[in-house]
Amino acid sequence: MRDWAKARRERTHHLIELGGLVQKAGLVDLTDDDRATLLGAFLDIAGQLREGRNTASGDLKTRWRRAGLNAFDRDQEHDRTTGGNDHD
């Protein structure tokens, strides 16, 4: 496979995974699949992180990361106990 095709496939896979995170967080349903609302929320988050390289933005990222890791752990535990991958 050519390098450009491999890089494109990897990028596509990465973007699909990011979309899956939006779904996993419940944001698609909570916003009625309104992409303008989702984009606005992401722009707001980016602005919060960009506004300052201060403790507040670091605290936000730490809190969000912890919550995300906990959600991944819950999904893994659910998969182990149900023997499958039947979650969204």
Side-chain angles (χ1 to χ4, degrees):
M1 182 179 295
R2 294 186 174 175
D3 289 342
W4 63 266
K6 183 178 178 186
R8 182 174 179 211
R9 180 171 286 173
E10 289 172 358
R11 180 179 183 274
T12 299
H13 181 76
H14 180 74
L15 292 174
I16 290 168
E17 286 179 331
L18 292 173
L21 294 175
V22 173
Q23 176 67 39
K24 183 181 283 292
L27 293 173
V28 175
D29 292 335
L30 290 169
T31 62
D32 295 324
D33 199 9
D34 183 339
R35 292 161 193 205
T37 299
L38 289 169
L39 178 57
F42 294 139
L43 291 171
D44 188 46
I45 291 168
Q48 288 179 51
L49 295 174
R50 209 180 283 118
E51 277 177 6
R53 300 280 182 216
N54 58 25
T55 307
S57 65
D59 290 346
L60 281 175
K61 288 196 298 189
T62 299
R63 191 176 82 217
W64 294 338
R65 178 170 172 72
R66 189 175 302 124
L69 290 171
N70 287 334
F72 283 137
D73 288 344
R74 281 191 305 274
D75 283 350
Q76 284 181 341
E77 182 60 30
H78 179 264
D79 290 348
R80 274 193 293 262
T81 59
T82 62
N85 195 2
D86 63 342
H87 52 78
D88 292 330

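Counting from 1, the numbers follow the sequence of the chain as shown. For the numbers below, each heavy atom of this structure counts, side chains included, while hydrogens, waters and symmetry mates do not.
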May I have the list of side-chain donor-acceptor pairs in residues 8-19 shorter than 3.5 Å, sequence neighbours left out?
from	atom 1	to	atom 2	distance (Å)
T12	OG1	R8	O	2.9
H13	NE2	E17	OE2	3.0

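Annotation: the span from L69 atom CG to R74 atom CZ amounts to 10.5 Å, rounded to 0.5 Å. Remark: R63 CZ to L60 CG distance equals 5.5 Å, nearest 0.5 Å.
Identified under the salt bridge (Lys or Arg N to Asp or Glu O under 4.0 Å) test for residues 32-45, with sequence neighbours left out: D33-R35.
Judged as a side-chain contact (heavy atoms from CB on, under 4.5 Å), and not counting sequence neighbours, the contacts of R66 are T62, N70. Applying the salt bridge (charged side-chain N to carboxylate O under 4.0 Å, His left out) rule to R80 yields the partners E77; only residues at least two apart in sequence or on another chain are considered. Partners of I45 by side-chain contact (heavy atoms from CB on, under 4.5 Å), not counting sequence neighbours, listed by chain and number: F42, L49, W64.
Other members of the cluster containing L43 are L39, with ILVMFWY side chains joined at under 4.5 Å, either directly or via other members.
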